[in-house]
Amino acid sequence: MQHPHATADILTSVPGIRHGFLSRAGGVSEGIYAGLNCGAGSNDDADRVTENRARAARLVDAPSGNLRTVYQIHSAEVADADTVWSEPPRADAIVCTRANIAVGVLAADCAPVLFADPEAGVIAAAHAGWRGALGGVIVATVTAMTARGAVRERISAAVGPCIGAASYEVGPEFPGPFLDDDAGNTQFFTPRPGSDRFLFDLAAYVQARLAAAGIERTTHTGQDTYADENFFSYRRSCHRNEPDYGRNISLIARTDEA
């Protein structure tokens with residue numbers, strides 16, 4: 001599997017920043033985890049996951065032991081990668097101001113979001129499934145960045161590969177919490193003709209949450225993890241009755257010492 005990893009132009013163009021929304025390419029895992037499975041929470045061989053994570057860190061020019069990820073819980077909690085962790089904290093975003101530390105999030109249909117304010121030297125990564133996005137993980141991440149010197153108008157944010165609007169079918173009860181929060185959220189739901197179900201545009205919703213948090217420079221890389229087998233997908237694994245699934249990693253690092 002040699003499909004290239006995804007990147008976002010608004011981050012690629014930033015000096016001193018390296019990032020990637022990594023596909024399954026270039027990993028050592030096998031079977032249903034074939035490729036670059038970086039999910040320690042999967043039932044994959046632990047040594048293979050460790051090797052995959054080391055390879056992921058090197059792809060953004062960080063030392064293989066300098067990758068920080070969290071124990072994700074679909075929350076709005078933000079961890080600080082500048083501190084030393086004895087074990088990964090329970091959170092869904094990470095902020096960092098140190099060079100040569102890669103911060104990353106895992107996803108297999110949820111939306112990964114990478115942030116950078118290079119002038120302040122502040123980077124972040126967030127895991128935004130529907131629950132976390134609705135619950136405020138985006139604004140919490142931006143708030144944590146500004147507390148460390150970032151300026152909203154300077155922050156660039158990229159939404160990575162996630163389940164696409166054409167693939168994300170949800171039940172009739174699903175839109176309720178979104179519409180209770182903001183009636184304008186109806187724009188992210190498309191009714192399925194002849195059905196009581198909807199298609200939900202997660203990436204567009206996350207970008208709207210970024211805009212609401214004052215982030216104007218945003219983009220979406222565009223890949224649909226369910227439809228594109230170069231990426232792991234939880235929903236696809238369920239539809240195939242597979243016993244488990246791999247996790248894609250998205251990560252960002254500062255390589256400058258400024």
- Message: I need the full list of side chain to side chain donor-acceptor pair (under 3.5 Å) pairs touching residues 186-199, with sequence neighbours left out, sorted by first then second residue.
- Response: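 Matches after skipping sequence neighbours: Glu169-Arg192, Glu169-Arg197.
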- Message: Per the side chain to side chain donor-acceptor pair (under 3.5 Å) rule, what does the pair list look like for residues 173-182, sequence neighbours excluded?
- Response: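 Listed by first then second residue: Asp181-Arg209.
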Working to the nearest 0.5 angstrom, can you tell me the gap between [X] [atom1] and [Y] [atom2]?
X	Y	atom1	atom2	answer
Asp9	Thr7	CG	OG1	6.5 Å
Arg98	Asp82	CZ	CG	6.5 Å
Leu106	Asp92	CG	CG	10.5 Å

Indicate whether the side chain of [X] and that of [Y] have a donor and an acceptor atom separated by less than 3.5 Å.
X	Y	answer
Thr255	Asp61	no
Asn248	Thr225	no
Tyr33	Asp244	yes
Asn52	Ser29	yes
Arg53	Thr69	yes
Asn37	Asp44	yes

Nearest non-hydrogen partners of [X] and [Y], listed with the distance:
X	Y	result
Thr219	Ala8	CG2-CB, 3.8 Å
Arg148	Thr97	CB-CG2, 4.0 Å
Leu199	Ala165	CB-O, 3.4 Å
Val103	Ala81	CG1-CB, 3.6 Å

- Within 45° cone of Tyr245 ring axis and under 6.0 Å: Arg247 NZ or CZ: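 Verdict for Tyr245: a cation-pi partner in Arg247.
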- Can you say whether the rings of Phe200 and Tyr205 are parallel (under 30°), tilted (30 to 60°) or perpendicular (over 60°)?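 Correct class here is tilted.
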- Message: Students often mix this up, so state it plainly: with edges at 30° and 60°, are the rings of Tyr226 and His239 parallel, tilted or perpendicular?
- Response: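 Perpendicular: the ring planes of Tyr226 and His239 meet at over 60°.
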Should we count [atom1] of [X] as having more than 12 external heavy atoms under 6.0 Å?
X	atom1	result
Tyr168	OH	yes
Glu77	CD	no
Glu242	CD	yes

- Please test Val70 against Trp85 for side chain to side chain contact (heavy atoms under 4.5 Å, CB included), starting from the C-alpha separation and ending with a verdict. CA-CA 10 Å; Val70 289; Trp85 300 344; 3.9 Å; yes
- Glu216 with Arg152: basic N within carboxylate O range, under 4.0 Å: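 Result for this pair is no, no salt bridge flagged.
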